[in-house]
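Just below is one structure, and these are the notes that go with it.
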Amino acid sequence: MLKRTSYDVVVIGAGVVGAACAYYAARAGLRVAVVDRGPVAGGTTGAGEGNLLVSDKEPGPELDLALLSTELWRELADSLGEQVEYEAKGGLVVASGAAGLDALNRFAVEQRRVGVEAVAVDGAELRELEPHLAEGLPGGVLYPQDAQVQPALAAAQLLRASGADRYLGEAVTALRRGADGSIAGVVTERRELAAPAVVNAAGTWGGAVAELAGVRLPVLPRRGFVLVTEPLPRVVRRKVYAADYVADVASGSADLQSSAVVEGTPAGPVLIGASRERVGFDRTLRVEVLRRLAAQAVALFPVLGTVAVQRAYRGFRPYLPDHLPAIGQDVRVPGLYHACGHEGAGIGLAPATGLLIGRQLAGEDVGFDLSPFRPERFEGADEGSAGSGPGAE
Amino acid sequence: MVNSRSERVGYDLAVIGAGPAGLAAADAAAGLGLRVALVDAGSRLGGQYYRHPAPELGAARPDRLHHGWRTFEWLRERLAAAPLVDYLPGHHVWAAERGADGWTLQATRGPEGGDRVAVEARAVLLATGAYERQLPFPGWTLPGVVSAGGAQAMLKSGLVLPGRRIVVAGSGPLLLAAASSLTAAGARVPAIVEATGYLGYARGLPVLAGNPGKLAEGADHARRLLRHGVRLRLRSAVVEAHGSDRVTGVTVARLDARWKPVPGTERRIACDALAVGHGLVPQIDLAVELGADTVTTADGTAALRVDAQQRTTVPGLWAAGETCGVGGADLALAEGVLAAYSVAQRPAPAKELAARRRRRAFAALMAAAHAPGPDWTGWVTDDTDVCRCEEVPARAVREAVTELGAADARTVKLLTRAGMGWCQGRMCGPAVACLSGGPLGRPDSRPLSCPVPLAQLAEQDGSSELSE
């Protein structure tokens, strides 16, 4: 079979963000190729829970992006919903004490101002919403916009729907540059693909791709474990998590943070996330991490105590020092675009990221303020790299 | 030996698995003065190989079903008298962590088993054996279709037969042993259907000459089978099992060199049970999770890479027996002893060194002789369930590859759920790897190597509260 080797854009990375970039670029009429050294969803996407959350985000650029993504996911669900196991099940954030509930409610007030639907819920209503929740919890906030997809399917189906040519299992070894320094294509282990534009959607490994272009993008890994129980009837209806989770997500600390996010899935197993550690790409299991997740899940849902955890998996979230992704054209290298560093929110933020990258690629008006996500914003700063280990993957 | 709950004691060596390798290692290590914890998921010593009936069944002669039963009895008696060995039956190890002073093994005794148990030891020997490889075919999920090893296990532990007229099929030396046990127990075996031609063994005549015991064992089985009129069909496979509530017959076809069924050669054989298996797969989850290097054996399974002292590439972690590549009980016994000597930092005994050399050569020959041909997937129809836990048909696996860009077992699992069910891919993993066209012998790492009740996982580990 003769492969076309000249494209309008080559996307590096077949995770959910790369797939969304390919999808929206193709919809904008561009000829797209996607390259990945592994299979589809082989990195962080395949190790995620598939959270589409607005609830955990404070007002600001990331929440704006999440709100746009929420709409886009709804649109996508019309055509792909079942194939990607889209569920608009809503999130329920639970406070453990009166002080926590106050803080949570104040947080929700701010969120409502920018368009988040947030419904205050008292203790009795909590148990109506989630009958198996522990007794004695003072209340929480219900977020109807929170939803879920199966992340690997989301990436694979978006990629298929894009119609992009896939070059999987071949690593990009170099970027071709024109005489003026602008992007001219990519070189893989097996071929050359000519294109005037390259999108760096390499997730946790986005820093290495930026390096191929001679620019710095300090993407770092933040490790997480997820526990998966045996299949159960629906004991957990929504995405339920403790209010501490919000503080953990925003934290830059290297120490272990964990706060249980508990949710059922259409296939039956209950997923329990989400620990956060900065340990580079170290894969070594720490039993203490699993123990804390388990203890927090049992505290929220005592009924889960007798349930068997069937397996656990780990992944490395790609994060940048200010916890915002890098999205958009890199002014340092004409033709280079970045779409990486979404940390734990990549599944949720993928469609908005793809749409905006697609518009930039097509030369359209982006219609969204991308300046907080400028890839070159870390120029001159030297924070971050101390915590990263060797890229063992 | 003590049936102990004193798990908090720091051991010199924790042996995981009480089959031939683990028993030999525990015995040798205790003989060298090491304090040993023998941790096993089973409820009785012996593992799969020396599986035997519960005493309540009052079996008169469990030895009739076993080669090497005397070796087992000898080891069992010695261990019973060894004060340095604590035996922890019914303990499923789900994780191993290495700290500054050594290992902590986390174990569960099941949902009803109370608290989680931590075992601390300076060194760990992985002697977790192997499990059977299944290659799916239409009808393989029918009642009455059992694994060849499962049929033997039923016989060894409960003295029950899976049927009266049992076809034995698949590939590997286990088929002869299983058929031999089944006929000895009174079943009729109309045919043994072996996918290879045994020609692979002919390439290793010097190796065979060095393993007269293996030849004698094979001849012994052959004599017994001949006496019972069992027909051996070589270069053939069961390509379909028939029946509605239960298997009533199988279709057997000849295979070409690539294991593609030859059209027009199908024959139907009536039976009320089918015992089928395609060799064994090393059980190495704990070591893979710890980052140990593996090698791909000649039959496409992953085994642990060990050095001459049975050391894996993870410091402080030894392996012996089937975990280093399937090779049978005699090899496991020798490697268990060699591992114990290495842990004790003593020179290796010559007898076991020689035995290992001979048996490893035979194991390599055996693996090459029974490696599945690449075209076996031709008999898997689109609606055959490949993953029986999650009921994933071959069609879904094939679509994940052609439509969605999966190219290995892990991605197929993510996209189809094949391998996400109760058995965690132990049943379908090799088949999914073949159907995905991905590399064979690349095990997935699993942070938990077996299910753990959530409440036990949530328990505070008490070991830090101990003062020395």
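Here the structure is a predicted model, which means the values were calculated and not measured. Residue numbers start from 1 in every chain, and the chains themselves are labelled A, B, ... in the order their sequence lines are given, proteins ahead of strands.
- When each of Ala295(A), Gly305(A), Gly169(A) is checked for heavy-atom pairs under 4.5 Å with chain B, Gly305(A) comes out on top.
- Among Asp408(B), Leu448(B), Thr416(B), the residue with the largest count of heavy-atom pairs under 4.5 Å with chain A is Leu448(B).
- For Leu159(A), no part lies under 4.5 angstrom from a heavy atom of chain B.
- Looking at Gln424(B), the atoms closer than 4.5 Å to chain A (heavy atoms on both sides) all sit in the side chain, from C-beta outward.
- Between Glu230(A) and Pro451(B) there is no side-chain heavy-atom pair separated by less than 4.5 Å.
- Note that the CG atom of Leu168(A) and the OG1 atom of Thr411(B) stand 9.0 Å from one another [nearest 0.5 Å].
- For Val307(A), the part sitting under 4.5 Å from any heavy atom of chain B is the backbone (N, CA, C, O) and nothing else.
- In terms of non-hydrogen atom pairs under 4.5 Å with chain A, the most contact-rich of Ala96(B), Pro447(B), Ala95(B), Cys450(B) is Pro447(B).
- No side-chain donor-acceptor contact under 3.5 Å links Arg98(B) and Thr284(A).
- Around the CD atom of Glu82(A), the shell of radius 6.0 Å holds no more than 12 heavy atoms that belong to other residues, nucleotides or ligands.
- Taking each heavy atom of Leu415(B) and Ala152(A) in turn, the nearest pair found is CD2-O, 3.4 Å.
- Judged purely by atom type and a 3.5 angstrom limit, Gln150(A) uses its side chain to pair as donor or acceptor with the backbone of Leu414(B).
- Taking a cutoff of 4.0 Å between a charged side-chain nitrogen and a carboxylate oxygen, Arg286(A) and Glu97(B) do not qualify as a salt bridge.
- In this structure, the side chain of Arg160(A) does not engage the main chain of Leu404(B) through any donor-acceptor pair within 3.5 Å.
- At a 4.5 Å heavy-atom cutoff, the contact between Pro269(A) and chain B is made by side-chain atoms alone.
- Side-chain contact between Arg291(A) and Arg116(B) is present, with heavy atoms from C-beta onward closer than 4.5 Å.
- Between atom CD of residue Gln310(A) and atom SG of residue Cys389(B) there is a gap of 8.0 Å, rounded to the nearest 0.5 Å.
- In this structure, Asp101(B) has no salt bridge (Lys or Arg N to Asp or Glu O under 4.0 Å) partners at least two apart in sequence or on a different chain.
- Residue Arg410(B) comes nearest to Gly42(A) through the heavy atom pair NH1-O, 3.6 Å, listed as atom of the first residue, atom of the second, then distance.
- If you run side chain to side chain contact (heavy atoms under 4.5 Å, CB included) between Leu285(A) and each of Gln106(B), Glu289(B), Arg446(B), only Glu289(B) comes through.
- Using a 4.5 Å heavy-atom threshold, the side chains of Leu454(B) and Thr306(A) count as separate.
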